[in-house]
Amino acid sequence: MTDGSDEGAIPPWQARLEVVALLLLVTVAVSVVARLVGAYEQAKDARQFGASVDLVQVVRFAGEQAGFIAAGGILVAFLLVAQGPGVAPTSRGRLALRSTTVLGLLVAGIAAFAGIATLVTSEVGGQGLPMGIAGEPSLVDRLSSGVPLLLAAAIAVYVAWCAFSTLGEEPRLLFPEGDGDRDDLGEDSEGHGDPPPPVP
Amino acid sequence: MVGRAMRQRQVLALLLALTALALPVSGAVIFGGVAAPGSGSGFVFLGAVSVQDFVPVLLLVGALGILVTSSAGAAGRTTVGQVAAGVTLLAGAVLAVAHLGTAYHLRAGGAFDLDAGGGSGWVAQRIVAVATMLAAGVLCGAVAIQAAMWMGERKREVLR
């Protein structure tokens, strides 16, 4: 793993693909926010007189709409950075990997919440139907809607974990003895024993 | 010398790019056919971006990634790769124009007025919708530019 100081040795297409990956991550993030806002507005319009907005239904509806696409988006972004023509990502690629980790966990949370809410709820929602329509979906209906969302969450979590492990940024407390590679990553070592010896 | 694996990946990239091009075009044709006379180009743009949601953008980015990684370190004339890059360029341009055009129409209300219901939340909804279209449009434009650069570099390598 290298830092951004040796970008000259990295093929130019690695850096270009990392820019595309960053743009893709921005698009996915904006899209997820848009689905959440749209679901909230829809729930606000559909609520009964004096009733408050059901946030569980909002997250569930947004997760059904955005879960699969967002999981696919972060997977493609991760592959662009990690499987690119270069040996190691540049500083821009490391930013993309960090964004993939954060966004992957966020998407996984929304998709998993939507999947679990779909499995346990008794209302029909999403899939083109307005929220709040009374109905009793069968167990098969719930499973067919909820399990794919849970799988999308699993994909997002795994991609986030892959991006995190590609960064090589293990939590400091897990390795109190330290190793030689940590200084190469630019990590600080505050509050854990003696400061590292100066590197000649 | 062009290897078999490289050619297979470039054919795959070509298929992905063709699909990414076909989806918005079909959506634009369908929506353009049902649009009321005088409604402008808003429905055409909306149709181009609404078919299969975000899938064409992912296909496009995937096509570029496969194209670039398949030819890393390889030299030689690749007709399939050039065609795939050309289709990626075209699809990226079409998707970029469609997304940016939709953002323009959403900004002004236009053919699909988000605040027609008079709800209090229409501003937030419009802002995030325009932001989504802008981000996707910039991404597709960047992919089209990268595909054009890839084509240029490969041509220069062949001439050299």
Side-chain angles (χ1 to χ4, degrees), chain A residues 10-47 53 58 62 64-87 93 96 107 128 155, chain B residues 16 49 52-74 88 92 95-96 99 103 106 114-115 117-150 153-154:
Chain A
I10 291 178
W13 278 105
Q14 173 76 24
R16 291 170 191 163
L17 286 184
E18 286 168 357
V19 171
V20 173
L22 274 175
L23 286 173
L24 180 59
L25 288 171
V26 169
T27 307
V28 168
V30 174
S31 175
V32 170
V33 172
R35 303 302 163 90
L36 282 170
V37 171
Y40 180 78
E41 295 298 332
Q42 189 175 348
K44 207 163 66 173
D45 291 342
R47 66 182 169 175
V53 175
V58 169
E64 285 179 351
Q65 285 189 322
F68 306 106
I69 292 299
I74 61 171
L75 174 61
V76 171
F78 168 71
L79 291 177
L80 283 179
V81 176
Q83 306 293 322
V87 177
V107 168
I155 290 173
Chain B
L16 288 178
V49 301
Q52 297 296 325
D53 201 9
F54 200 53
V55 171
V57 179
L58 288 184
L59 291 173
L60 187 70
V61 177
L64 178 72
I66 292 175
L67 193 62
V68 170
T69 55
S70 71
S71 60
T88 304
L95 280 168
H99 280 95
L106 279 175
L114 284 178
D115 54 344
S120 59
W122 63 268
V123 173
Q125 220 172 345
R126 177 179 292 180
I127 287 172
V128 293
V130 171
T132 305
M133 293 301 151
L134 280 178
V138 170
L139 171 63
C140 295
V143 170
I145 292 171
Q146 306 280 357
M149 291 170 67
W150 189 90
E153 285 189 6
R154 300 301 289 186

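As the structure is a computational prediction, the values presented were derived from the model and not from experiment. Throughout, a chain's letter reflects where its sequence line sits, starting with A, and its residues are numbered from 1.
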request  = Determine the option with the most heavy-atom pairs under 4.5 angstrom with chain A, choosing from Ala142(B), Gly62(B), Ala135(B), Gly65(B).
outcome  = Ala135(B)
key: Donor on one side chain, acceptor on other, Gln146(B) and Trp13(A), under 3.5 Å   = no
key: Inter-residue atom distance Leu80(A).CG - Leu64(B).CG, 0.5 Å rounding   = 7.5 Å
task = Write out all pairs satisfying side-chain hydrogen bond (donor to acceptor under 3.5 Å, both in side chains) with one or both partners inside residues 28-39 of chain A, taking only residues at least two apart or from two chains.
result = Arg35(A)-Asp53(B)
key: Atom group of Val76(A) that falls short of 4.5 Å from chain B, counting heavy atoms   = side chain
ask   = Side chain, backbone, both or neither: which part of Met149(B) has a non-hydrogen atom closer than 4.5 Å to chain A?
value = both
query = After noting the C-alpha distance and the side-chain angles of Thr132(B) and Thr27(A), does the key distance pass the side chain to side chain contact (heavy atoms under 4.5 Å, CB included) rule?
reply = CA-CA 6 Å; Thr132(B) 305; Thr27(A) 307; 5.6 Å; no
ask   = Among Leu79(A), Val26(A), Leu24(A), which residue forms the greatest number of heavy-atom pairs with chain B at distances under 4.5 Å?
value = Leu24(A)
remark   = One option among Leu58(B), Val143(B), Leu134(B) has the most heavy-atom pairs under 4.5 Å with chain A, and it is Leu58(B)
request  = Report the residues that fulfil side chain to side chain contact (heavy atoms under 4.5 Å, CB included) with Val138(B), sequence neighbours left out, ordered by chain and then residue number.
outcome  = Leu23(A)
